[in-house]
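First the structure, in the form of structure tokens, and then the observations on it.
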Amino acid sequence: TTRGQVISIAEVTEIADPLIFGSDVRINASGSHLAVAIPRLFQSFLIDLETSESTALAGRVMAIDDDRVVTEQPVGDQAEINFYALDGDRLGTRDVAAPMASMITPGGSTLLVTADGKVIRSDPDGTDEVGELADPDGRRIEITGGSRAFDGERLVASAENAVFIVDADGEQLATFAGRVAVPPTVRSKC
């Protein structure tokens, strides 16, 4: 963890031989909580690193910050986004187009980019489309993934032949030709 702790997710969650992908393990900036998706169970676990207590959450963890954790339950080209407080209480649920890239913004909402480049802001109180990515060469956009960067100030959305940089307000700041060779390093991943 960010504090140099070594923990056994299997032991804390009391799951025998869980399948865990390292890219799915997320730690909040303060280092107080860890969230991890367990693909075989179609759920995530939120772990309080001070008490070593775990809470099961519906869906795959997308993001965590010092106030909340956000999970996703994909259903075809749609997804149910679940918002939880760090004590495991559900704050709300929203149905949206399936996100390909996401981050919790410094303001507390979740910024999502869909496969066709729509930029959506969602929180427990509602969902709004805030923009759409534009390719300077006019090519059709097909976002395949992404990650947050610069301490949550930017979202990097990757397409087949382009990379889009989006700010926390959902505004497209830049577009670059090519692919991301090395994903941005994020302190909330380990």
Side-chain angles (χ1 to χ4, degrees), residues 1-3 21-38 43-50 54-74 78-115 117-133 143 145-158 163-173 180 183-190:
T1 68
T2 55
R3 297 177 184 167
F21 298 106
S23 61
D24 289 340
V25 177
R26 290 175 167 72
I27 299 172
N28 63 350
S30 69
S32 67
H33 289 77
L34 175 147
V36 61
I38 311 291
Q43 67 184 21
S44 297
F45 281 86
L46 177 63
I47 300 170
D48 184 323
L49 294 171
E50 293 296 324
S54 69
T55 304
L57 307 174
R60 177 184 69 202
V61 65
M62 295 172 52
I64 185 171
D65 71 4
D66 289 336
D67 297 314
R68 71 199 51 82
V69 63
V70 182
T71 66
E72 169 195 18
Q73 290 181 294
Q78 297 291 305
E80 181 180 89
I81 306 297
N82 300 293
F83 301 89
Y84 295 92
L86 290 183
D87 63 5
D89 286 343
R90 187 185 300 243
L91 302 172
T93 301
R94 294 282 164 230
D95 292 328
V96 299
M100 300 305 293
S102 63
M103 74 175 196
I104 298 176
T105 68
S109 63
T110 302
L111 197 64
L112 311 164
V113 179
T114 64
K118 288 186 176 49
V119 181
I120 299 168
R121 179 180 317 287
S122 188
D123 62 34
D125 297 324
T127 298
D128 297 309
E129 188 174 317
V130 294
E132 190 167 349
L133 300 179
I143 302 299
S147 61
R148 71 183 200 71
F150 301 105
D151 288 332
E153 296 289 331
R154 303 287 185 263
L155 180 61
V156 178
S158 304
V163 177
F164 300 88
I165 309 298
V166 180
D167 71 11
D169 293 326
E171 183 178 330
Q172 180 177 330
L173 299 177
V180 174
T185 301
V186 191
R187 287 188 311 184
S188 63
K189 285 187 176 182
C190 70

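Positions are given from 1, in the same order as the sequence printed here. Fair warning: this is a prediction, and the values are worked out from it, not measured in the lab.
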Non-hydrogen atoms of Ala37 and Val61 that approach each other most closely: N-CG1, 3.7 Å
Write down the atom of Ala168, the atom of Arg121, and the distance for their closest heavy-atom approach. O-NH1, 3.3 Å
For a quick check under 3.5 Å, do Ser122 and Arg94 share a side-chain donor-acceptor pair by atom type? no
Between atom CD of Glu153 and atom CE of Met103, what is the distance when rounded to the nearest 0.5 Å? 7.5 Å
Would you say the side chain of Thr55 lies within less than 4.5 Å of the side chain of Tyr84, judging by non-hydrogen atoms? no
Using side-chain heavy atoms (C-beta onward) and a distance below 4.5 Å, is Leu57 in contact with Gln43? no
Interatomic distance, Ser109 atom OG to Arg68 atom CZ [nearest 0.5 angstrom]: 8.5 Å
Result for side-chain contact (heavy atoms from CB on, under 4.5 Å) between Ile104 and one of Asp67, Val69, Thr110, Asn28 points to Thr110
Beyond-backbone contact of Leu46 with Ile64, side-chain heavy atoms, under 4.5 angstrom: yes
For the pair Ser158 (side chain) and Gly146 (backbone), establish whether a donor and an acceptor sit closer than 3.5 Å, ignoring hydrogens and angles. no
Could you measure the distance from the NZ atom of Lys118 to the CD1 atom of Ile143? Nearest 0.5 Å is fine. 11.5 Å
Minimum heavy-atom distance between Arg90 and Ala58, given as atom pair plus value: NH2-CB, 4.1 Å
Considering non-hydrogen atoms only, spot the tightest contact between Pro99 and Val96 and give its length. CD-CG2, 4.4 Å
Less than 4.5 Å apart, side chain to side chain, heavy atoms only: is that true for Val119 and Glu171? no
Using the rule side-chain contact (heavy atoms from CB on, under 4.5 Å), only one of Asp24, Leu112, Thr71 pairs with Met62; which is it? Leu112
Between the CG atom in Leu86 and the CG atom in Asp66, the distance rounded to the nearest 0.5 Å is 7.5 Å
Take Ile165 and Val156, measure what side-chain contact (heavy atoms from CB on, under 4.5 Å) needs, and give me the verdict at the end. CA-CA 5 Å; Ile165 309 298; Val156 178; 3.9 Å; yes
Which heavy atom in Val70 sits nearest to a heavy atom in Phe83, and how many Å separate them? CG2-CD2, 3.8 Å
Distance-minimising heavy-atom pair for Ala101 and Gly145: CB-O, 3.9 Å
Find the distance between CZ (Arg148) and CG (Leu155) and round it off to the nearest 0.5 Å. 10.0 Å
Rounded to the nearest 0.5 Å, how far does OG1 of Thr114 lie from CD of Gln78? 10.0 Å
For Asp128 and Val130, indicate whether the former's side chain and the latter's backbone hold a donor-acceptor pair under 3.5 Å. no
